[in-house]
Colleague: 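A single structure is presented below for examination.
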Amino acid sequence: MKPISQQAGVKFNYLLDFPKLNLTYVEIPKCGSTGVKHALLRAEHGRRPSGVGIPVIREEFPDSVVTSIPQGRMVIALVRNPFERLESAYRSRWLMRHPDDTFSQMVAQMGDILEMSPDDIWNNHFRPCSHFLPRGDDGSLACTVFRLEDQVDEVARVISEKSGKKIDLPVVHKSDPDKGYVSWSEDNIKDVKKYFAEDFEIGSYSLER
């Protein structure tokens, strides 16, 4: 797989650096990333002024060793239960392109989606969280992972404590169930367990649905 920086039309940058907070944030779609980014921008700049961009360490999908994170940085990622994350992605993303597809039809195509190039921001909403996490030389995670469901307050506490700046992270709301009916078949559950096996393990999520 080529690094994203070597592919055409690249727009997705997943490692966001905040020097004043001594923090590198791993942006993973459908894991509260929009609200977290905005909160970190406000903490970094005192406000979120128009035109302020986010410093990006590198523009490369995490298929190789991380070499560009500044020494001593906190590296933090938020992950999400794969079942809930896919439900949210279906309602907020999939139905925009495929308004007549059922949830089961989307999950049945998951293998094909994961074969697509990661330079497409859209399909990254369906890619496992584990694909975004930076790794060390030995393949071990080079970041601290927190669960979106119940550890957002802990993330804020850790960043505040280590940066010396008070951080308030937003409450993350679940997707609106009225925006798309979701029904899990046995085959759907089996597929998600297969394709998102590492996500379940990293987040210590239950395999039951």
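Position 1 is the first residue of the sequence; numbering continues from there.
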Colleague: Considering all heavy atoms of both residues, which atom of Met74 and which atom of Leu21 are nearest to each other, and what is their separation?
Modeller: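 Closest approach of Met74 to Leu21: CE-O, 3.3 Å.
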Colleague: Would you compute the distance between atom CG of Asn123 and atom CZ of Arg93 and round it to the nearest 0.5 angstrom?
Modeller: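 So the CG of Asn123 and the CZ of Arg93 are separated by 11.5 Å.
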Colleague: Which heavy atom of Lys37 sits nearest to which heavy atom of Leu16, and what is that distance?
Modeller: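 The answer is CD-CD1, 3.4 Å.
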Colleague: Could you tell me if the side chain of Val26 sits less than 4.5 Å from the side chain of Ile76, heavy atoms only?
Modeller: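 Contact flag for Ile76/Val26 side chains = no.
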Colleague: For residues Ser185 and Lys190, is any side-chain donor paired with an opposing acceptor at under 3.5 Å?
Modeller: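 Checked: Ser185/Lys190 side chains show no N/O donor-acceptor pair below 3.5 Å.
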Colleague: For atom CD of Glu154, decide whether the heavy atoms of other residues, nucleotides or ligands shown that lie under 6.0 angstrom number more than 12.
Modeller: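 Atom CD in Glu154 is crowded, with more than 12 foreign heavy atoms closer than 6.0 Å.
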Colleague: Heavy-atom distance under 4.5 Å between the side chains of His125 and Ser88, does that happen here?
Modeller: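 They are not in contact (no side-chain heavy atoms under 4.5 Å apart), so the answer is no.
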Colleague: Among Phe200, Phe196, Tyr205, find the residue that satisfies the ring pair (Phe, Tyr, Trp, His ring centres under 6.0 Å) test when tested with Phe83.
Modeller: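 Going through Phe200, Phe196, Tyr205 one by one, the ring pair (Phe, Tyr, Trp, His ring centres under 6.0 Å) with Phe83 is satisfied by Phe200 alone.
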Colleague: Looking only at heavy atoms, which two atoms of Leu86 and Met106 are closest? And how far apart?
Modeller: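 Reported closest heavy-atom pair: O-CE, 3.8 Å.
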Colleague: Starting at NZ of Lys193, measure out to CG of Leu207 and round the result to the nearest 0.5 Å.
Modeller: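 It comes to 5.5 Å.
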Colleague: Side-chain contact, heavy-atom cut-off 4.5 Å: Leu114 with Arg127?
Modeller: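 Yes, at least one pair of side-chain atoms sits under 4.5 Å.
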Colleague: Donor-acceptor check, side chain of Asn124 to backbone of Pro29, threshold 3.5 angstrom: yes or no?
Modeller: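 No.
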Colleague: If you round to the nearest 0.5 Å, how far is CG of Asp187 from OG of Ser104?
Modeller: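 Ser104 OG to Asp187 CG: 8.5 Å, rounded to 0.5 Å.
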Colleague: Rounded at 0.5 Å granularity, tell me how far CD1 in Ile28 sits from CG in Leu148.
Modeller: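 It is 10.0 Å, given to the nearest 0.5 Å.
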Colleague: Please assess Asp17 against Arg73 for the test side chain to side chain contact (heavy atoms under 4.5 Å, CB included), listing each intermediate value before the final yes or no.
Modeller: CA-CA 9 Å; Asp17 195 44; Arg73 283 279 199 273; 2.8 Å; yes
Colleague: For Glu208 and Ile189, what are the C-alpha separation, side-chain angles and deciding distance, and is it a side chain to side chain contact (heavy atoms under 4.5 Å, CB included)?
Modeller: CA-CA 9 Å; Glu208 298 300 317; Ile189 294 172; over 6 Å; no
Colleague: Would you tell me whether Asn81 and Arg85 have side-chain atoms, one donor and one acceptor, within less than 3.5 Å of each other?
Modeller: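 No, because no side-chain N or O of Asn81 sits under 3.5 Å from a partner of the opposite role on Arg85.
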Colleague: For Phe146 and Val158, run side chain to side chain contact (heavy atoms under 4.5 Å, CB included): C-alpha distance rounded to whole Å, both residues' side-chain angles, the deciding distance at 0.1 Å, then the answer.
Modeller: CA-CA 11 Å; Phe146 296 89; Val158 169; 4.3 Å; yes
Colleague: Using every non-hydrogen atom in the two residues, find where Val79 and Cys129 come nearest and quote the distance to one decimal.
Modeller: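 Shortest heavy-atom contact: CG1-CB, 3.9 Å.
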Colleague: Evaluate the salt bridge (Lys or Arg N to Asp or Glu O under 4.0 Å) criterion for residues Arg157 and Glu161: first the C-alpha distance (whole Å), next the side-chain angles of each, then the deciding distance (0.1 Å), finally the verdict.
Modeller: CA-CA 6 Å; Arg157 185 193 66 77; Glu161 185 177 279; 3.0 Å; yes
Colleague: Check step by step if salt bridge (Lys or Arg N to Asp or Glu O under 4.0 Å) holds for Glu87 and Arg209.
Modeller: CA-CA 12 Å; Glu87 289 181 8; Arg209 188 61 187 174; 2.4 Å; yes
Colleague: Taking all non-hydrogen atoms of both residues, which atom of Cys143 and which atom of Leu133 are closest, and how far apart?
Modeller: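 Where Cys143 meets Leu133 most closely, the heavy atoms are SG-CD2, 4.0 Å.
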Colleague: Give the intermediate values and the outcome of ring pair (Phe, Tyr, Trp, His ring centres under 6.0 Å) for residues Phe126 and Trp94.
Modeller: CA-CA 9 Å; Phe126 309 91; Trp94 189 267; 5.5 Å; yes
Colleague: Scan side-chain atoms only and decide if Ser130 and Asp199 contain a donor-acceptor pair under the 3.5 Å cut-off.
Modeller: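 Present: a donor and an acceptor within the cut-off.
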Colleague: Walk me through it: do Val192 and Trp184 pass the test side chain to side chain contact (heavy atoms under 4.5 Å, CB included)?
Modeller: CA-CA 10 Å; Val192 173; Trp184 286 91; 3.5 Å; yes
Colleague: Restricting to non-hydrogen atoms, name the atom on Ser92 and the atom on Lys30 that form the minimum distance, rounded to 0.1 Å.
Modeller: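 In this case the closest contact between Ser92 and Lys30 is OG-NZ, 2.8 Å.
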Colleague: Under 3.5 Å, is there a donor-acceptor pair linking the side chains of Lys166 and Ser160?
Modeller: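 Not at all, the side chains of Lys166 and Ser160 share no donor-acceptor pair under 3.5 Å.
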Colleague: Could you tell me whether Arg147 and Asp150 have a side-chain N and a carboxylate O separated by less than 4.0 Å?
Modeller: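 Yes.
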Colleague: Say you draw a straight line from CD of Gln151 to OG1 of Thr144; how long is it, rounded to the nearest 0.5 Å?
Modeller: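 With rounding to 0.5 Å, CD (Gln151) is 10.5 Å from OG1 (Thr144).
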Colleague: Which distance, rounded to the nearest 0.5 Å, do you find between the CD1 of Ile159 and the CZ of Phe18?
Modeller: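 So the gap between those two atoms works out to 9.0 Å.
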Colleague: Using modelled atom types only, decide if a donor and an acceptor are shared between the side chain of Gln105 and the backbone of Thr102 within a distance under 3.5 Å.
Modeller: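 Pair found, side chain donor or acceptor close to backbone of Thr102.
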